[in-house]
Amino acid sequence: MASITRAFAQSTVLRIGHVLGPTHQFHTGLELAARSIGEATEQRVELQVFPAAQLGSERDMNVAIRTGGIDMVLASPGGASVHLKELAILDAPYLFRDNAHWQSVVYGDIGRDWGQRILEASGVRIVGWFHRGTRHVVSRNTPYDTIDKMAGQKIRVADLPPYPQVFEAFGAVPTPIAFSEMYQALESGIVDGADAPLDTVLAQKLNEVITYVNLIAWSFAAPGPILMSDASWSQLSPEDQAALEAGILEASEFVTSAFTDDEAQVMEALTAAGVQFVTPSDPGAWEAAAAEAIPALAETWGGDAALYDLIRNHG
């Protein structure tokens, strides 16, 4: 009887991985979720958070979650699209207006449909969503106050859709370079600029090798799903499943606040470090240029170009 009691007293340990560092908002948010879930379940569920690709690259983790290697992963839309193609659309340019907009999409009928289909297709559940910041463009020597200034500029981008396609539409020369090599590429002049959210500019000390942050805001939020193996989900009681989702939602709200409410503080810090902020004179020109990339990008989310307009005009 004592051994049975001890067995029931053991907590269910869930491992979640992400690729950002331990000082990033994502990690802080997931640690908050871990505490909340532990308290709500009276420590029946222990969420262990592994930052900085400790459980593998995002690609590795998206494989492992389907084979039982890990329980959960904080994914990007592009990474999660290996389970359901349509999720790649969340990285599309100028898709969301504000927080209410993206939340109404992913927590509404569209998101619920995706959640059901990804479960059926891959045995993976969407248990929450994290805001992923607003993406701008930093530059070494040239302020991009008009889109014409981008012509021929070598811009560091991630080597996956939609980044090369969007910056090619802007007239730049998209230059795929690893995230870890971005600072050196800017410092040495291999690239003229880079695509990056403001928190990355500060965290990676890019202010040391750039002059301008150009506030084109081509991507807002681009919510990334928190994925969980259905086998791991099934280990939890309905009560603990609800507690897990509530903890993830609390963390999501924290991350959203950290990105949006704290942006002014980040800008102040960068200004103090000598960075100059540039606001484009004709935002519509950037949006119009990015729209030209949509037909090609639609192939990455299954070919339905109309889905972009449906989400962009949602609500």
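Proximity of a side-chain donor or acceptor of Ser257 to a complementary backbone N or O of Glu253 within less than 3.5 Å is not detected. With Thr175 contributing its side chain and Val173 its backbone, the two residues share a donor-acceptor pair below 3.5 Å. Between the side chain of Ser81 and the main chain of Leu84, no donor-acceptor pair closer than 3.5 Å is present. In this structure, Gln241 contributes its side chain and Leu236 its backbone to a donor-acceptor pair below 3.5 Å. At distances below 3.5 Å, at least one donor-acceptor pair connects side-chain atoms of Asn313 with backbone N or O atoms of Asp309. Put simply, the side chain of Thr200 never gets that close to the backbone of Ala196: no donor and acceptor are under 3.5 Å apart.
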Worked verdict on Gln235 versus Thr12 for side chain to side chain donor-acceptor pair (under 3.5 Å): CA-CA 8 Å; Gln235 296 177 27; Thr12 298; 4.8 Å; no
Audit row: Glu181, Arg156, salt bridge (Lys or Arg N to Asp or Glu O under 4.0 Å) steps and yes/no: CA-CA 10 Å; Glu181 299 172 8; Arg156 180 270 167 189; over 6 Å; no
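Side-chain contact, Glu120 with Gln116: a donor N or O sits under 3.5 Å from an acceptor N or O. Defined by atom type and a distance below 3.5 Å, a donor-acceptor pair is missing between the side-chain atoms of His131 and Thr260. A donor and an acceptor atom, one from each side chain of Ser139 and Asn214, are located under 3.5 Å apart. At a cut-off of 3.5 Å, with distance as the only test, no side-chain donor of Asp195 or His136 sits close to an acceptor on the other residue. Glu46 and Gln48 share a side-chain donor-acceptor pair at under 3.5 Å. Of the N and O atoms on the side chains of Ser76 and Glu58, at least one donor lies less than 3.5 Å from an acceptor on the other residue. Side-chain atoms of Gln43 and Ser11 include no donor-acceptor pair closer than 3.5 Å. Using modelled atom types and a 3.5 Å distance limit, the side chains of His314 and His101 yield no donor-acceptor pair.
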Identify each donor-acceptor pair in which a side-chain atom of residues 290-305 lies under 3.5 Å from a protein atom, sequence neighbours left out, and give them as a table.
unit_1	atom_1	unit_2	atom_2	d
Thr300	OG1	Leu297	O	2.6
Trp301	NE1	Asp304	O	2.8
Asp304	OD1	Ala306	N	3.2
Asp304	OD1	Leu307	N	3.4

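Applying side chain to side chain contact (heavy atoms under 4.5 Å, CB included) to Met72 and the options Val127, Val124, Leu227 leaves one that passes, Val127.
Under the 6.0 Å distance and 45° angle rule, Arg312 does not count as a cation-pi partner of Tyr94.
Here the side chains of Pro77 and Asp91 are in contact, with some heavy-atom distance below 4.5 Å.
In summary, Asp192 and Arg140 do not engage in a salt bridge, as defined by a charged side-chain N under 4.0 Å from a carboxylate O. A salt bridge links Glu239 with Arg44; the closest basic N to acidic carboxylate O contact falls under 4.0 Å.
Taking the ring centroids of Trp218 and Tyr163, they lie under the 6.0 Å cut-off.
The number of heavy-atom neighbours closer than 6.0 Å to NZ of Lys85, taken from other residues, nucleotides and ligands shown, is 12 or below.
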